Amino acid sequence: MLQLQTLREQKNAIIDALKKRNIDVAPMVNEAVALDEKRRATQTRLDNTLAEGNKLSKDIGALYQNGKYQEAEAIKKRAGALKEDSKALGDELDLTTQALQKLLYQIPNVPHASVPAGTSEADNEEVFAEGAIPKLDTNALPHWELAKKYDIIDLELGVKITGAGFPVYKGKGARLQRALINYFLDKNTAAGYTEVQVPHLVNETSGYGTGQLPDKEGQMYRLEEDNLYLIPTGEVPVTNIFRDEILDADTFPLCFTAYTPCFRREAGSYGADVRGLNRLHQFDKVEIVRVEHPNSSYEALEGMVEHVKNILRDLQLPYRILRLCGGDLGFTAALTYDFEVFSTAQDRWLEISSVSNFETYQTNRLMIRYKDEKGKSRLAHTLNGSALALPRVVAGILENYQTPDGIRIPEVLIPYCGFDLID
RNA sequence: AGAGAGGUGGCCGAGUGGUCGAAGGCGCACGCCUGGAAAGUGUGUAUACACCAAAAGUGUAUCGAGGGUUCGAAUCCCUUCCUCUCUGCCA
């Protein structure tokens, strides 16, 4: 969430900048500032009341020790009255703070200056493209047909076991998945990211920390009995590693990578978008996460983009990079680059990675701070990206690498797969 | 899952109703001492919020979390989470 101090000091600039998201936050921001004023005033009154009460209590203690019981009793009455007051003020403070908090949860991050205006994905700005789009046979198949033809991914079997969107990978299909995970982790660790294995279930606090709650409440699977959530992305457990930490400024950058399955309810999705591997309830992803000094976070973002580019070059997949427009930008992000692979058989682009800088939006909730030169605590910046999400990479490989003899395996993956053709 | 013990500052650890944000130690920072280091020695060393233009300073809250009793709670009561030991179960 946004920082209150910034909201107070740069109210109009924030309202203006958020217009890029095609929303008018002026009413919310004004209310937040008003609530904050009320909160501070109430806090001051409460503190003063408590201070007086504390002083009286000390006096009572002293009087008792000196045997002046009658005087003590008289003061007790006054202290009792003060207690009533502080209770009322405390309740008021709680209500105000909660209302303010709720409001702040509803205001999205301020888009970076470079974020283009726009209302939908059609307005995203292509900033880079690379890789030749292969010329396929006229009877080239989409990946879901290929998956069936070579019996490597079984969607119906997943329906039997669980439901739609939970595929079963078989034989070389399963091996390809494992190869990709290992390859991605190797690439990421070689680039300086430390590999971590994290829980796939998180508690409510973690969900709030990275911003999935309350914004995406309905998109996560929840275990009612234990009040835990299945992670929608590795970002949640990995970023929460640093929740409530004050870091030394010289420990930056902190770079982590993790493979996790991801679970998404995808309520509201339908149509051609969800065919085959295009959209699943469970999928695998290797994530990269960075905690950065504010001065270097945008440099880090560019570095992450370069890193993902390298992976796609290795895989020799045609891809493009989009700078998301205000209308398509995620709730918590300040700037996001999406990577899309061209799916030749479907004749469409598939999102396979999303690399974002969240600036202090997450760390303000997570309380991830560092000490600056003056010894003051400041919020760090967080960034993350997929490197990479598996299903659509698999879709891209199956479709773009298909030949009449079978599906070729990208050169870099052959050592990981142990075969060079799916036939 | 059952029985018992326990959760105190960066770490260890004292504290069972009043002057306790919390003894003592370790660690860390700065200084003295030293040719240099060790030892020794002195000072400092939590976080959040509020007041203040800001610094200094002051106030409030925080002893796992939440609630209660009391003029006053680290200390008493309730709820809850977690850790350890034993038993059970299991990969």
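Since the structure is predicted, the reported quantities are computational estimates derived from the model, not experimental observations. Each chain gets a letter, A, B and so on, in the order the sequences are listed, and its residues count up from 1.
- The P atoms of B:rG35 and B:rU47 are separated by 38 Å, rounded to the nearest whole Å.
- Ring geometry for A:His293 against A:Tyr370 counts as tilted: the plane angle lies between 30° and 60°, on a 0 to 90° scale.
- Listed candidates were B:rC49, B:rU47, B:rU60. Nearest to the side chain of A:Lys371 is B:rU47.
- Comparing the same atom, C1', in B:rC82 and in B:rU69 gives a spacing of 26 Å after rounding to whole Å.
- As a whole-Å value, the separation of A:Asp36 CG from B:rC49 C1' is 11 Å.
- Here B:rU62 presents its P atom at 12 Å from CD of A:Gln43, a figure rounded to the nearest Å.
- Side-chain proximity of A:Arg369 to B:rA48, B:rG59, B:rC51: nearest is B:rA48.
- B:rU60 and B:rA73: their P atoms are spaced 13 Å apart (whole Å).
- The separation between A:Glu92 atom CD and B:rA50 atom C1' is 15 Å, rounded to whole Å.
- Aromatic ring pairs are classed by plane angle as parallel below 30°, tilted from 30° to 60° and perpendicular above 60°; the pair A:Tyr208 and A:Tyr105 is tilted.
- Proximity of the aromatic rings of A:His381 and A:Tyr298 is defined here by a centroid distance below 6.0 angstrom, and this criterion is not met.
- Which of B:rA61, B:rA48, B:rA50 sits closest to the side chain of A:Leu50 comes down to B:rA61.
- A ring-centre distance under 6.0 Å is not found for A:Phe263 and A:Tyr229.
- Distance A:Glu245 CD to B:rA46 P: 17 Å, rounded to the nearest Å.
- As judged by a 4.0 angstrom heavy-atom cut-off over every strand, A:Ile246 is placed among residues touching the sugar-phosphate backbone only.
- Considering every non-hydrogen atom in both A:Leu18 and A:Val110, the closest pair reads CD2-CA, 4.2 Å.
- One atom, CG of A:Leu93, and another, P of B:rU62, lie 13 Å apart when rounded to the nearest Å.
- Aromatic ring pairs are classed by plane angle as parallel below 30°, tilted from 30° to 60° and perpendicular above 60°; the pair A:Tyr319 and A:Phe339 is parallel.
- The same atom, P, is picked in B:rA61 and in B:rG21; the two are 9 Å apart, to the nearest Å.
- Atom pair A:Asp248:CG and B:rC28:C1' shows a separation of 11 Å (rounding to whole Å applied).
- In summary, the aromatic rings of A:Phe331 and A:Phe358 are positioned with their centroids too far apart to meet the 6.0 Å limit.
- Using a 4.0 Å cut-off between a side-chain N of Lys or Arg and a carboxylate O of Asp or Glu, A:Lys172 and A:Asp423 qualify as a salt bridge.
- Nearer to the 5' terminus of RNA chain B, by closest-nucleotide assignment, is the contact made by A:Lys376 (compared with the other of A:Lys55 and A:Lys376).
- Per the geometry, CZ belonging to A:Arg243 stands 13 Å off C1' belonging to B:rA65, to the nearest Å.
- Along RNA chain B, the nucleotide nearest to A:Met367 and the one nearest to A:Asn48 differ in position, and the one closer to the 5' end is contacted by A:Met367.
- Nucleotides B:rA65 and B:rG17 have their C1' atoms positioned 22 Å apart, rounded to a whole Å.
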Practice problem: Give the C-alpha distance, both sets of side-chain angles, the deciding distance and a yes or no for ring pair (Phe, Tyr, Trp, His ring centres under 6.0 Å) between A:Phe242 and A:Phe256. | Solution: CA-CA 11 Å; A:Phe242 301 100; A:Phe256 288 84; 5.5 Å; yes
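- Separation of the P atoms belonging to B:rC63 and B:rG7 is 14 Å when rounded to the nearest angstrom.
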Practice problem: Taking Watson-Crick and G-U wobble pairs with both distances under 3.5 Å, convert RNA chain B into its dot-bracket string, 5' to 3', dots for unpaired and | for cross-strand pairs. | Solution: ((((((((.[[[..)..(.....]]]((((((.......))))))((((((.....)))))).[[[[[..)....]]]]])))))))....
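- One atom, CG of A:Asp244, and another, P of B:rA65, lie 12 Å apart when rounded to the nearest Å.
- Here A:Arg39 lies in heavy-atom contact (under 4.0 Å) with sugar-phosphate atoms only.
- Formation of a donor-acceptor pair under 3.5 Å by the A:Asn22 side chain with backbone atoms of A:Gly118 is found in this model.
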Self-check item: Contact pattern, 5' to 3', of nucleotides 66-74 of chain B - B, S or - by protein heavy atom under 4.0 Å
Solution: ----BBS--
